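Before any comments, here is the structure.
In the text below, chain A, chain B and the rest are named by the order of the sequence lines, each starting its count at 1. Predicted model, so just to flag it, every value in this text is computed and none were measured.
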Number of protein chains: 2
Amino acid sequence: MTQSSKREQLIQAALELFARKGYHAVAVDAISDRAGITKKTLYHHFKSKEELILAALRHYDERFRNDFMRSVESKTGDPIGRLLAVFDIVEEWFNSKNFSGCLFVGAMGEYPEEAAPIRRVCRESKMLTQGYIKSLAEKAGLYESGQLSEQLILLIEGATTMAQVNNSSLCAAQAKAAAKVLIKNSTTLPSKVAKRKL
Amino acid sequence: MTQSSKREQLIQAALELFARKGYHAVAVDAISDRAGITKKTLYHHFKSKEELILAALRHYDERFRNDFMRSVESKTGDPIGRLLAVFDIVEEWFNSKNFSGCLFVGAMGEYPEEAAPIRRVCRESKMLTQGYIKSLAEKAGLYESGQLSEQLILLIEGATTMAQVNNSSLCAAQAKAAAKVLIKNSTTLPSKVAKRKL
DNA sequence: TAAAAAATATACTAATTAGTGTAGTTAGAT
DNA sequence: ATCTAACTACACTAATTAGTATATTTTTTA
């Protein structure tokens, strides 16, 4: 078994346990046990539990975001269609067997100190996803794509929270319905006009 | 000092520490120390750490939700105005000194087991808030007030997450802008029509 | 004012935790 | 083939944790 495979096995075991139990609630021994790898080897690859968490989050970010983008793009080539497809992929995520909310949001909740390195990784991941949504909105030629994409992100994050609260994936469709209205609004006119009319 | 005052002091100390450090990260000794009350007395009022967490969350829910509703209603009597004022109050919350995300979302993140009693309390609180938003939408005489209020909740929850991620309260205004579009859409026509036009 | 309840001070247990130490084994690279 | 780095097995430390025990003092209440 190669060296990097042990590392990945540890990260994989850690991610599964973090998703199921949270970060503080998972002991290092539980991770090494689950991976079938001794704790000594774990500490050979990661100098501390925190470093393992950081590595796991970075690994997850890359895999998850790439899967996400690939899934979106496999649904349609149409830019607006892709913006909406985002919500279908999100719904599939909510329905996936081991869904337990966003790992990054959970990590930020458990490590609330502003300077915590874990928060930096979470922020970076969220910014990359935000950037992807924005690029879709730009390609769709929508007015104020920056603002629109920020609003769509709010719907996605809100749905992620509420999917946990309600233990239901229905809010993904609700978010999509709201997204349609927001996108339509960005298709027809600069949003300032819409604001003034109210 | 009355008995119930000790209880409330313990709950207050617990809430402050939970907000600043999370739930697992806060030891029972830290709570009793902060409250200036012995651990023995703490265990006289709460039979376990979990019971203290439950009591603290229930207490917080009542106080927070009442403050929230009062604040909204002090802004305007106009029903649509109140729906929008929600986002101003949310923004004030984001700007408050000790803001560190939603205590309930944090609790659900740290206690992911579906059957955890802590999750029940969090769900109940969220449902009560949801009900309040829905009642505002109904009073405003908007079409499909149920759907609309669910969508507004997504914006609020999303903004709460992103306020933490971005360490900025700006997303409250972004959520409000989106809410205006959604509300306008509900003022003018049943949302089905809007959906079909896309 | 006297009994009962609540609170303090402090020390304790038993379990769990992150991380290390030692000594021996396996496996890949040259 | 052999050398090196990774890995195992397992015992260990020192700190921290939730919760309890004992004995005393304060406060409430009847």
Side-chain angles (χ1 to χ4, degrees), chain A residues 1-57 59 106-107 109-113 115-118 121, chain B residues 1-57 59 106-107 109-113 115-118 121:
Chain A
M1 196 165 299
T2 77
Q3 185 185 350
S4 75
S5 141
K6 294 268 173 201
R7 214 186 114 97
E8 274 163 37
Q9 277 172 31
L10 286 163
I11 285 176
Q12 190 52 42
L15 285 172
E16 286 164 19
L17 289 171
F18 292 154
R20 269 216 331 254
K21 305 188 172 229
Y23 298 85
H24 285 93
V26 170
V28 173
D29 291 81
I31 296 169
S32 59
D33 281 3
R34 180 172 182 87
I37 291 167
T38 59
K39 187 158 65 158
K40 205 80 225 269
T41 301
L42 185 154
Y43 277 101
H44 173 74
H45 286 286
F46 309 99
K47 81 169 210 281
S48 66
K49 184 183 181 182
E50 188 180 34
E51 287 294 324
L52 169 55
I53 294 175
L54 288 169
L57 289 175
H59 180 91
E110 287 205 44
Y111 299 92
E113 287 211 340
I118 285 171
V121 175
Chain B
M1 198 163 299
T2 77
Q3 184 183 353
S4 75
S5 140
K6 293 269 172 202
R7 212 187 116 97
E8 274 164 36
Q9 275 172 34
L10 285 163
I11 285 177
Q12 191 52 42
L15 285 172
E16 285 164 19
L17 289 171
F18 293 154
R20 269 214 335 251
K21 305 189 173 232
Y23 298 85
H24 285 92
V26 170
V28 174
D29 291 84
I31 296 169
S32 59
D33 280 4
R34 180 171 181 88
I37 290 166
T38 59
K39 188 156 67 157
K40 201 86 225 269
T41 301
L42 186 154
Y43 278 102
H44 172 73
H45 286 285
F46 308 99
K47 81 169 210 283
S48 66
K49 185 184 182 183
E50 187 181 33
E51 287 295 325
L52 169 55
I53 294 174
L54 288 169
L57 289 175
H59 180 92
E110 287 204 46
Y111 300 92
E113 287 211 340
I118 286 171
V121 176

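- Scanning all heavy atoms of the two residues, the minimum distance from Gly22(A) to Pro112(B) falls at N-CG, 4.0 Å.
- A pairwise comparison of heavy atoms in Ala13(A) and Ile31(A) identifies CB-O, 3.9 Å as the closest pair.
- Take the nearest nucleotide of DNA chain C for Glu50(A) and for Ile37(B): the residue whose nucleotide is more 5' is Ile37(B).
- Within the structure, side-chain hydrogen bond (donor to acceptor under 3.5 Å, both in side chains) pairs that include any residue of residues 11-23 of chain A comprise Gln12(A)-Glu16(A), Gln12(A)-Arg63(A), Glu16(A)-Arg34(A) (at least two apart or interchain).
- Look at NE2 on His45(A): it is 7 Å from C1' on dA6(D), rounded to the nearest Å.
- Direction of the helix axis in the helix from dT1(C)-dA30(D) to dT30(C)-dA1(D) shifts by 30° between the two five-pair termini, rounded to 10°.
- Residues passing the ring pair (Phe, Tyr, Trp, His ring centres under 6.0 Å) test with His59(A), sequence neighbours excluded: none.
- A distance-only check finds no donor-acceptor pair linking the side chain of Thr41(A) to the backbone of His44(A) [under 3.5 Å].
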Distances for protein N or O near nucleotides 14-18 of chain C N or O, under 3.5 Å:
from, atom 1, to, atom 2, distance (Å)
dA18(C), OP1, Lys49(A), NZ, 3.0
dA18(C), OP2, Val28(A), N, 2.8

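- When the side-chain nitrogen and oxygen atoms of His44(B) are compared with OP1 and OP2 of dT8(C), none of them lie within a distance under 4.0 Å.
- A close approach under 4.0 Å does occur between a side-chain nitrogen or oxygen of Thr41(A) and OP1 or OP2 of dT8(D).
- Legend: residues meeting ring pair (Phe, Tyr, Trp, His ring centres under 6.0 Å) with Tyr111(B), ordered by chain and number and at least two apart, are His24(B).
- Closest contact between the side chain of Thr38(B) and the listed nucleotides dA6(C), dT8(C), dA9(D) involves dT8(C).
- Between Asp33(B) atom CG and dT8(C) atom C1' there is a gap of 13 Å when expressed in whole angstrom units.
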Show me the protein contacts with nucleotides 21-24 of chain D, counting only N or O atoms at under 3.5 Å.
none

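- The shortest distance between the side-chain N/O atoms of Lys6(A) and the OP1/OP2 oxygens of dA27(C) is not below 4.0 Å.
- As rounded to whole Å, 14 Å separates atom P of dA6(C) from atom CG of Leu10(B).
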